[in-house]
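Comments concern the structure below.
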Amino acid sequence: MRILGIETSCDDTGAAIYDERDGLVANRLASQVELHSLYGGVVPELAARDHIRKLLPLVESLIHDSKNNGKAADAVAYTAGPGLAGALLVGASVASGLAYAWNVPTIPVHHMEGHLLAPMLETPAPEFPFLALLVSGGHTQLVDVARAGEYRILGQTRDDAAGEAFDKTAKALGLDYPGGPAIANCALQGQEGRFEFSRPMTRHAGLDFSFSGLKTQVLTTVQQQRLDAQTTADIALAFELAVVDTLAIKCLRALTISRRKRLIVSGGVGANRRLRERLRSECQKLGTEVFFPRLEFCTDNGAMIAYAGYFRWTLNGHGNRQNFHGGFDVKPRWSLEDLSSISRAQR
Ligand code: KG4
Ligand code: ZN
């Protein structure tokens with residue numbers, strides 16, 4: 001079984017091939033960072049048009065990758081949601097066209113399930129059950145995963161996602177898009193202790209997050225300062241430490257509540273080195289195993305979608321294969337918890 005995975009939910013065009021026996025066979029990514037950096041954020045219509053330009057050549061080069069030997073796939077998995085509607089439609093329609101041409105099934109994939117399963121592409125891969133911290137540009141969630149495909153959201157952001165807060169704060173500081181890597185880089189020159197921002201909602205019981213107030217605190221600070229290079233770095237560091245501390249406090253609380261002994265961390269912000277180091281050292285103290293995808297699989301990519309397609313196919317007991325006969329759907333808004341009943345029905 002060889003699955004082609006297609007990712008087009010936001011500003012990265014990703015395609016990859018996952019093989020049941022050989023694992024990840026080939027992987028390609030076309031980033032749109034340059035296109036959107038002019039505007040300081042993703043412009044949905046431009047994202048969709050760029051996916052149209054990039055996706056088919058990307059798939060073609062993937063199929064002809066020397067490790068794939070020009071083989072077509074046995075199924076085509078694509079991100080069906082959540083994400084930008086126009087961007088999702090490009091991936092869904094290309095996936096459906098290819099599946100029709102090859103006479104193979106399509107497998108619609110939930111983007112956040114893709115992120116959640118990304119650590120499975122590493123060795124050692126985590127076993128179920130585990131707690132997942134999903135931190136991306138659109139989501140910040142703590143998810144209890146009791147068994148394969150069963151998700152209970154224990155806490156999530158009430159406003160901005162952690163990645164979104166990085167992006168907006170970077171803009172306020174005059175740094176590049178995407179803000180996460182820009183802030184992390186700039187913070188390397190920062191001096192700790194000059195600025196201090198709050199750790200939102202950590203004094204409240206519960207596992208929800210809120211990052212929009214933190215972003216406003218930074219903005220107010222920026223307006224009160226002369227923003228030279230050192231001040232920018234000092235603010236960037238204080239902001240990064242506040243986000244990392246907040247995420248770590250809530251993760252530890254969720255581990256206590258859920259009594260899980262494994263933590264997986266994924267999504268774009270999961271590439272943050274300070275966050276990785278902090279969670280590694282906290283988990284070591286607790287005797288909890290922690291798993292991250294490699295850096296390039298934290299942010300959006302086709303490999304996690306190909307793997308999630310394979311995962312859905314195995315959950316389905318390899319049965320019920322329906323080849324593509326026209327019609328497809330995308331879900332710009334879609335809760336991860338909705339997958340639990342589908343997973344149970346498929347068992
Ligand atoms: O998962 P992702 O690629 O796309 C979404 O599904 O949203 O996440 C993108 C987000 C952006 O907000 C970006 O600023 C953030 O991940 N990000 C980071 C880092 N690398 C990417 N945030 C903090 N530190 C990083 N090193
Ligand atoms: Zn993502």
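Sequence positions, counted from 1, serve as the residue numbers for this chain. For ligands, and for the atoms within them, numbers begin at 1 and follow the listed sequence.
Proximity to T299 (heavy-atom distance under 4.0 Å) selects the following atoms of ligand 1: 3 (O), 21 (C). Atoms of ligand 1 found under 4.0 Å from any heavy atom of G137 (numbered from 1 in listed order, with element): 5 (C), 7 (O), 8 (O), 9 (C), 10 (C), 12 (O). Taking every heavy atom of G163 and a limit of under 4.0 angstrom, the matching atoms of ligand 1 come to 12 (O). Those atoms of ligand 1 that come under 4.0 Å of a heavy atom in G138, given as number and element, are 7 (O). In summary, the atoms of ligand 1 found under 4.0 Å from a heavy atom of H115, numbered by their order in the structure, are 1 (O), 6 (O). Taking every non-hydrogen atom of A271 and a distance limit under 4.0 Å, the qualifying atoms of ligand 1 come out as 26 (N). Near P181, meaning under 4.0 Å from one of its heavy atoms, ligand 1 places the atoms 17 (N), 18 (C), 19 (C), 20 (N), 21 (C), 25 (C).
Distances under 2.8 Å from the Zn ion (ligand 2) pick out the protein N/O/S atoms H111 NE2, H115 NE2, D300 OD1.
Using cut-offs of 30° and 60° on the angle between ring planes, the pair F311 and F128 is tilted. Ring pair H115/H111 is perpendicular by interplanar angle, where above 60° counts as perpendicular and below 30° as parallel.
Cluster annotation: L131 is not connected to V145 through the hydrophobic network of ILVMFWY side chains, with a link wherever side-chain heavy atoms come within less than 4.5 Å.
Taking a 6.0 Å sphere around CD of E122, one finds it holds more than 12 heavy atoms contributed by other residues, nucleotides or ligands. Within a 6.0 Å radius of CZ in R294, other residues, nucleotides and ligands contribute more than 12 heavy atoms.
Taking distance alone, with nitrogen or oxygen atoms compared against 3.5 Å, D12 stays at or beyond that limit from ligand 1. For G180, a nitrogen or oxygen atom sits less than 3.5 Å from a nitrogen or oxygen atom of ligand 1, counting backbone and side chain alike. By the 3.5 Å distance cut-off applied to N or O atoms, G268 is counted among the residues near ligand 1.
The pair K285-E282 meets the salt-bridge criterion, with a side-chain N (NZ, NE, NH1 or NH2) lying under 4.0 Å from an Asp/Glu carboxylate O. Using a 4.0 Å cut-off between charged side-chain N and carboxylate O, R273 and E277 make no salt bridge. Using a cut-off of 4.0 Å between Lys/Arg side-chain N and Asp/Glu carboxylate O, R2 and D74 are scored as not salt-bridged. The pair D338-K331 fails the salt-bridge criterion, with no side-chain N (NZ, NE, NH1 or NH2) lying under 4.0 Å from an Asp/Glu carboxylate O.
You'll find the side chain of Q191 stays beyond 4.5 Å of the side chain of L237, heavy atoms only.
Ring to ring, F211 and F166 are not that close: their centroids are 6.0 angstrom or more apart.
When heavy-atom distances to ligand 1 are checked against a 4.0 Å cut-off, D167 comes that close only through its side chain, counted from C-beta outward. At a 4.0 Å heavy-atom cut-off, ligand 1 touches H111 through the side chain alone.
Within the 4.0 Å heavy-atom shell around ligand 1 one does not find R273.
When each of D160, T169, D167, D159 is checked for a side-chain hydrogen bond (donor to acceptor under 3.5 Å, both in side chains) with K215, only D160 meets the rule.
The protein non-hydrogen atom at the shortest distance from atom 3 (O) of ligand 1 is D300 N, 3.0 Å.
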